[in-house]
Amino acid sequence: MAQDNSPNKTITMNQRRSRTKFTEDQLKILIKAFDQNPYPGYATKQRLALEINTDESRIQIWFQNRRARHQCQKKSEPDEDLESSQDQDHSEEEIQSREERRCRTSYTSSQLHTLIGAFMNNPYPGIDTREQLAKEIGIPESRVQIWFQNWRSRFHVQRKREPDDQDSEQRQDQEQDLWDERVQEREREMFTFFAKLIGA
DNA sequence: TCACTAACCTATTCACGCT
DNA sequence: AGCGTGAATAGGTTAGTGA
């Protein structure tokens with residue numbers, strides 16, 4: 001993505017997870033599952049994870065990457081199979097019959113407090129930071145990663161909605177204001193929560 | 001060195017609970 | 001019904017690894 005503020009360069013020390021090396025047997029199982037259904041639901045991903053002894057999040061990434069590779073291949077060889085219904089396999093009805101998603105995670109105020117604090121410190125945490133956070137708030141690392149993704153995206157969306165006709169200093173100030181507003185909103189929620197706890 | 005691919009990213013959409 | 005937000009998606013980039 002040709003993003004001018006390339007995140008991974010401006011923020012150092014956020015290392016990646018070490019690269020998973022799937023064995024031949026593991027790949028066989030994954031490929032077979034992919035051929036059966038390239039959009040497995042949470043239960044299937046869990047089952048696969050158990051079967052090949054890896055984390056469910058690795059299964060998710062593997063399916064994402066394989067779907068992407070398959071889309072590329074389809075585009076680069078658009079010849080034959082024009083009337084074969086085989087290549088139009090996942091649309092409409094297939095999407096409707098997609099398996100169930102993972103249950104929505106709901107975060108407590110204190111968990112959010114920790115996450116927001118970490119986000120303000122560094123919106124692009126490496127694997128070590130994510131794992132530490134996950135341990136601290138008792139939530140899987142994969143959820144922490146998704147939470148950061150969602151927050152970054154939503155913050156970028158907010159920024160884009162802002163008019164672009166000011167000089168960068170003003171814009172930065174506005175970004176900060178927006179951010180502060182968002183954080184304050186969250187903190188108000190937390191205060192309400194804790195006030196209830198202590199019976200205020 | 002280069003191809004392959006896991007890990008990671010943004011942007012967008014889906015979906016669900018809450019108000 | 002609309003909103004906030006977690007989950008999933010497409011599609012692109014980065015970087016580790018083996019030939």
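Numbers restart at 1 for each chain; the letters A, B, ... are given by sequence-line order, proteins then strands. All figures in this text were calculated on a predicted structure; none of them were measured in a lab.
There is a side-chain donor-acceptor pair under 3.5 Å between A:Asp55 and A:Ser57.
For a distance-only test at 3.5 Å, the side chain of A:Arg69 fails to qualify as a donor-acceptor partner of the base of C:dG11. A donor-acceptor contact under 3.5 Å is not formed by the side chain of A:Arg67 with the base of C:dT9.
A:Asn150 has its CG atom 15 Å from the P atom of B:dC14, to the nearest Å. To the nearest angstrom, C1' of B:dC4 lies 11 Å from CG of A:Asn65. Straight-line distance from the OH atom of A:Tyr107 to the P atom of B:dG17: 16 Å, rounded to whole Å. Rounded to an integer number of Å, the gap from A:Arg152 CZ to B:dC9 P is 5 Å. Straight-line distance from the CD atom of A:Gln64 to the C1' atom of B:dT10: 12 Å, rounded to whole Å. Regarding A:Ile127, its CD1 atom lies at a distance of 16 Å from the C1' atom of C:dT14, rounded to whole Å. Residue A:Trp147 contributes atom CH2, which lies 13 Å from atom P of B:dT10 at whole-angstrom precision. If you take CZ of A:Phe119 and P of C:dG6, they are 12 Å apart, rounded to a whole angstrom.
Within a 6.0 Å sphere centred on CG of A:Asn53, heavy atoms belonging to other residues, nucleotides or ligands number 12 at most. Other residues, nucleotides and ligands contribute only 12 or fewer heavy atoms inside 6.0 Å of the CD atom of A:Gln132.
The residue A:Arg101 sits close to a base: some heavy atom pair falls under 4.0 Å. Within 4.0 Å of A:Arg66, counting heavy atoms only, lies no atom of the nucleic acid at all. If you check every strand for non-hydrogen atoms under 4.0 Å, A:Gln145 touches sugar and phosphate atoms only. Among the atoms of the strands shown, none is found under 4.0 Å from any heavy atom of A:Ser106. Among the heavy atoms of the strands lying under 4.0 Å from A:Ser153 is at least one base atom, whether or not backbone atoms are also near.
Taking CZ of A:Arg67 as the start and CD of A:Gln71 as the end, the distance is 8.5 Å to the nearest 0.5 Å. Rounded to the nearest 0.5 angstrom, A:His113 NE2 and A:Thr108 OG1 are separated by 11.0 Å. Here A:Glu136 contributes atom CD and A:Leu115 contributes atom CG; the two are 9.0 Å apart, rounded to the nearest 0.5 Å.
For A:Arg154, no side-chain nitrogen or oxygen approaches OP1 or OP2 of B:dT10 to under 4.0 Å. For the pair A:Arg104 and B:dA15, the criterion of a side-chain N or O lying under 4.0 Å from OP1 or OP2 is not met. Close to B:dA6, at under 4.0 Å from its OP1 or OP2, lies a side-chain N or O of A:Trp62. Regarding contacts with the backbone of C:dA7, every side-chain N or O of A:Tyr39 stays at 4.0 angstrom or more from both OP1 and OP2.
Picking from B:dC9, C:dA7, B:dA7 the nucleotide with the shortest atom distance to the side chain of A:Tyr124 gives B:dC9. If you check B:dC9, B:dC8, C:dA8 against the side chain of A:Arg102, the one that comes closest is C:dA8. Here the nucleotide nearest the side chain of A:Lys45, chosen from C:dT9, C:dG11, B:dC16, is C:dT9.
Ring geometry for A:His70 versus A:Phe34: interplanar angle over 60°, hence perpendicular rather than tilted (30 to 60°).
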Output a table of nitrogen or oxygen pairs between the protein and nucleotides 16-19 of chain C separated by less than 3.5 Å.
from, atom 1, to, atom 2, distance (Å)
C:dG16, N2, A:Arg19, NH2, 3.2

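Side-chain atoms of A:Gln15 and A:Ile127, non-hydrogen and from C-beta on, do get closer than 4.5 Å to each other.
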